[in-house]
Amino acid sequence: MKFLLILFIAFFYSAKSWAAPAKIENTCQINPKQCLQLVEERLNEGVEPKTSEWYRFKFLQIQALFELEQAQPLSKVLNELNSISPLPTFLQLKVYILSAKNAMFRNNVQDFERYKSKTFTLMKGLNLDTLDPYSLIEYANFHIYLKDYRTGIELLLPLEKKFRDHPNSELKKTIYTNLGNMHALQKSYKNAFPYFQLAYENAQLSLNKHYALMTHYNVARSHQMLEMHKEAEQIFLDVLSAEKTIGHPTIKNLCHYRLAIFYNEQNNQSKLKTHLKQVDPTKLSTKLLKQYQQLLSVK
C-alpha cells in the first residue's frame with residue numbers, strides 16, 4: 001500500500017489536544033511507530049471507551065497506522081469507528097477521509113465514493129469560520145487526493161491570512177506545506193516556492209525534526225523545479241547530511257534519487273552512480289520508478 005504518492009510529501013500531524021497526555025502527543029508528532037506503540041498500550045490498559053481521552057487516542061492510532069502504511073489494522077480500526085455514532089467532529093472527519101484514502105489505495109471505487117460523499121455531507125453541515133483549523137487543513141489536504149487543488153487552495157488561503165502573524169509555528173508549517181504542495185501539483189512553481197520556504201522556517205521552530213527535514217527537502221525540490229540547480233544540489237546534500245543524525249529513510253531515498261537525476265544532466269557519471277546505488281526502487285512511486293530505470297541504462 002503506497003501512501004507517499006504525492007510529489008511533495010504531505011505528512012499530516014494532529015493538533016495538540018487536551019485529552020491525551022502531552023508526552024504521547026509529542027511522540028506522535030515525531031515518530032509514528034513509537035506513537036502507535038504508546039497509544040495502543042494506553043488503549044489496552046483500559047481507557048474508558050467513548051470518552052474524550054479514548055476518542056483522542058483513536059485519532060492518533062488511525063493517523064499512525066496510515067503513516068506506517070499498515071493497511072489491514074487500519075481498515076479494522078476504521079470499521080470499528082464507522083460503526084459508532086455519533087463521533088466527535090474532529091474524529092468523524094478524520095475517519096471519513098482516511099476511509100476514503102484507504103479505499104483509494106485498495107482500488108475500491110465504490111467505498112471511495114461512499115466515504116468521499118460522507119465527507120462532503122459532513123462538511124456541508126459545519127461552519128468553516130468556526131471549525132478548528134486542523135480539521136479545516138485535513139479537509140483541504142483531502143483535495144490533493146481528489147486532484148482538486150484549486151479548491152484546496154481556496155480553503156487554506158483565509159486560514160493562512162488569519163494565522164499569518166500568529167506565533168503558532170506548528171499550525172503555520174502545516175498550512176504552508178499544503179499550500180506549497182497544491183501549487184506545485186498545479187505546476188505553479190513560482191507560487192509554491194515561498195510557501196515551501198515559509199513551511200521550512202516554521203518547521204525549524206518545531207520539535208519535530210522529521211517534519212523540518214521534509215520541508216527542507218521540499219525547498220530543494222522547489223529550487224530544482226525553478227531550474228536553480230546548483231542551489232538545489234547544495235540543499236539536497238545538506239538534507240542528506242542532517243538525515244544521518246535525524247533518520248528519515250524516505251527523504252534520504254528521494255534525495256539520492258534527485259541528485260542522481262541532477263548528476264545525469266551534468267554528465268557526471270561518477271556521482272550519478274554513487275547516488276543511484278543508494279536509491280531503494282521499492283520506495284519509489286510508479287512514475288519515479290520509470291525514470292529510475294532509465295537512469296540505470298545510462299552508460
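These numbers were taken from a predicted model, which means no experiment stands behind them.
Contact annotation: the side chain of Asn168 never approaches that of Asn202 to less than 4.5 Å [non-hydrogen atoms, C-beta and beyond]. The side-chain heavy atoms of Leu146 and Phe112, taken from C-beta on, include a pair separated by under 4.5 Å. Side-chain contact between Lys172 and Glu201: absent, with no pair of heavy atoms (C-beta onward) separated by less than 4.5 Å. Annotation: side chain of Leu259 is not in contact with side chain of Thr274 (no heavy-atom distance under 4.5 Å). Put simply, the side chain of Leu254 reaches to within 4.5 Å of the side chain of Thr250, judged on heavy atoms. Looking at Trp54 and Lys58, their side chains come closer than 4.5 Å, going by heavy atoms from C-beta outward. Side-chain atoms of Tyr195 and Met182, non-hydrogen and from C-beta on, never get closer than 4.5 Å to each other. Between Leu288 and Tyr292 there is no side-chain heavy-atom pair separated by less than 4.5 Å.
Between Phe66 and Phe105, the two ring planes are tilted [angle within 30° to 60°]. Using the six-membered ring where Trp is involved, His248 and His210 have ring planes that are tilted, between 30° and 60° apart. Ring planes of Phe193 and His223: perpendicular class, angle over 60° (limits at 30 and 60°).
Of the N and O atoms on the side chains of Thr27 and Gln34, not one donor lies less than 3.5 Å from an acceptor on the other residue. Side-chain contact of Asp238 with Ser241: a donor-acceptor pair under 3.5 Å is absent, judged by distance alone. The closest side-chain donor-acceptor pair between Gln204 and Tyr200 falls under 3.5 angstrom. Neither side chain, Asn253 nor Asp280, offers a donor N or O lying under 3.5 Å from an acceptor on the other.
Environment of CD in Gln110: sparse, with no more than 12 heavy atoms of neighbouring residues, nucleotides or ligands closer than 6.0 Å.
The backbone N or O of Leu78 sits less than 3.5 Å from a side-chain atom of Asn82, completing a donor-acceptor pair. The closest donor-acceptor contact from the side chain of Thr121 to the backbone of Ser117 lies under 3.5 Å. Between the side chain of His166 and the backbone N or O of Lys162 there is no donor-acceptor pair closer than 3.5 Å. With Thr174 contributing its side chain and Glu170 its backbone, the two residues share a donor-acceptor pair below 3.5 Å.
Residues passing the salt bridge (charged side-chain N to carboxylate O under 4.0 Å, His left out) test with Glu231: none are found, sequence neighbours excluded. With sequence neighbours left out, Cys255 forms a disulfide bond (SG atoms under 2.5 Å apart) with no residue at all. Judged as a salt bridge (charged side-chain N to carboxylate O under 4.0 Å, His left out), and not counting sequence neighbours, the contacts of Lys230 are Glu233. Under the ring pair (Phe, Tyr, Trp, His ring centres under 6.0 Å) criterion, His275 pairs with His256, Tyr263, not counting sequence neighbours. With sequence neighbours left out, Tyr96 forms a ring pair (Phe, Tyr, Trp, His ring centres under 6.0 Å) with no residue at all.
With rounding to the nearest 0.5 Å, the separation of NE2 in His216 from CD1 in Ile246 is 10.5 Å. Taken to the nearest 0.5 Å, the CG atom of Asn178 stands 12.0 Å off from the NE2 atom of His143. Note: Glu69 CD to Asn102 CG = 11.5 Å, rounded to the nearest 0.5 Å. For the atom pair Phe59 CZ and Ile62 CD1, the distance stands at 7.0 Å (nearest 0.5 Å). Atom CG of Leu74 and atom CG of Asn79 lie 9.0 Å apart (nearest 0.5 Å). Going from atom CG of Leu156 over to atom CZ of Phe163 covers 12.0 Å, rounded to the nearest 0.5 Å.
Partner of Leu36 under the side chain to side chain contact (heavy atoms under 4.5 Å, CB included) criterion, chosen from Glu41, Gln61, Glu67: Gln61. Partner of Leu60 under the side chain to side chain contact (heavy atoms under 4.5 Å, CB included) criterion, out of Glu40, Glu25, Arg42: Glu25 alone.
Hydrophobic cluster membership differs between Leu171 and Leu205, with clusters built from Ile, Leu, Val, Met, Phe, Trp and Tyr side chains linked at under 4.5 angstrom.
Between Gly152 and Ala140, the shortest heavy-atom contact is O-CB, 3.9 Å. Heavy-atom minimum distance, Ala64 versus Cys35: CB-SG, 4.1 Å. Nearest heavy atom pair, residue Ser75 against residue Arg106, reads OG-NE, 4.1 Å. Closest non-hydrogen pair, Leu68 versus Pro32, comes out as CD1-O, 3.7 Å. Closest of all the heavy-atom pairs between Leu87 and Leu91 is CD2-CD2, 4.1 Å. What you find for Ala192 and Ala184 is that their closest heavy atoms are CB-N, 3.7 Å.
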Next item on the list: Mind running side-chain hydrogen bond (donor to acceptor under 3.5 Å, both in side chains) on Asn218 and Thr177 for me, showing each step along the way?
Entry: CA-CA 9 Å; Asn218 284 348; Thr177 297; 5.2 Å; no
Next item on the list: Apply side chain to side chain contact (heavy atoms under 4.5 Å, CB included) to the pair His183 and Tyr149, showing each step before the final yes or no.
Entry: CA-CA 7 Å; His183 280 292; Tyr149 313 124; over 6 Å; no
Next item on the list: Dump the intermediate steps for side chain to side chain contact (heavy atoms under 4.5 Å, CB included) on Thr215 and Val219, then the final yes or no.
Entry: CA-CA 6 Å; Thr215 58; Val219 170; 5.7 Å; no
Next item on the list: Could you please spell out the steps behind the side chain to side chain contact (heavy atoms under 4.5 Å, CB included) verdict for Asn268 and Leu272?
Entry: CA-CA 6 Å; Asn268 189 327; Leu272 163 63; 6.0 Å; no
Next item on the list: Would you sort out whether Ile97 and Lys101 count as a side chain to side chain contact (heavy atoms under 4.5 Å, CB included), showing the intermediate values?
Entry: CA-CA 6 Å; Ile97 288 177; Lys101 291 178 181 179; 3.6 Å; yes
Notebook entry, point to check: What's the verdict on ring pair (Phe, Tyr, Trp, His ring centres under 6.0 Å) for Phe196 and Tyr176, showing C-alpha distance, side-chain angles and the deciding distance?
Noted result: CA-CA 6 Å; Phe196 283 130; Tyr176 291 133; over 10 Å; no
Checklist line | Step-by-step ring pair (Phe, Tyr, Trp, His ring centres under 6.0 Å) determination, Tyr217 to Phe236 | finding: CA-CA 7 Å; Tyr217 166 83; Phe236 281 131; 5.7 Å; yes
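At a threshold of 4.0 Å, the pair Arg164-Glu160 counts as salt-bridged, since one of the basic side-chain nitrogens sits closer than that to a carboxylate oxygen.
Legend: salt bridge (Lys or Arg N to Asp or Glu O under 4.0 Å) pairs involving residues 112-124, not counting sequence neighbours, sorted by first then second residue: Asp111-Arg114, Glu113-Lys116.
Cation-pi geometry between Lys173 and Tyr211 is met: under 6.0 angstrom from the ring centre, within 45 degrees of the axis.
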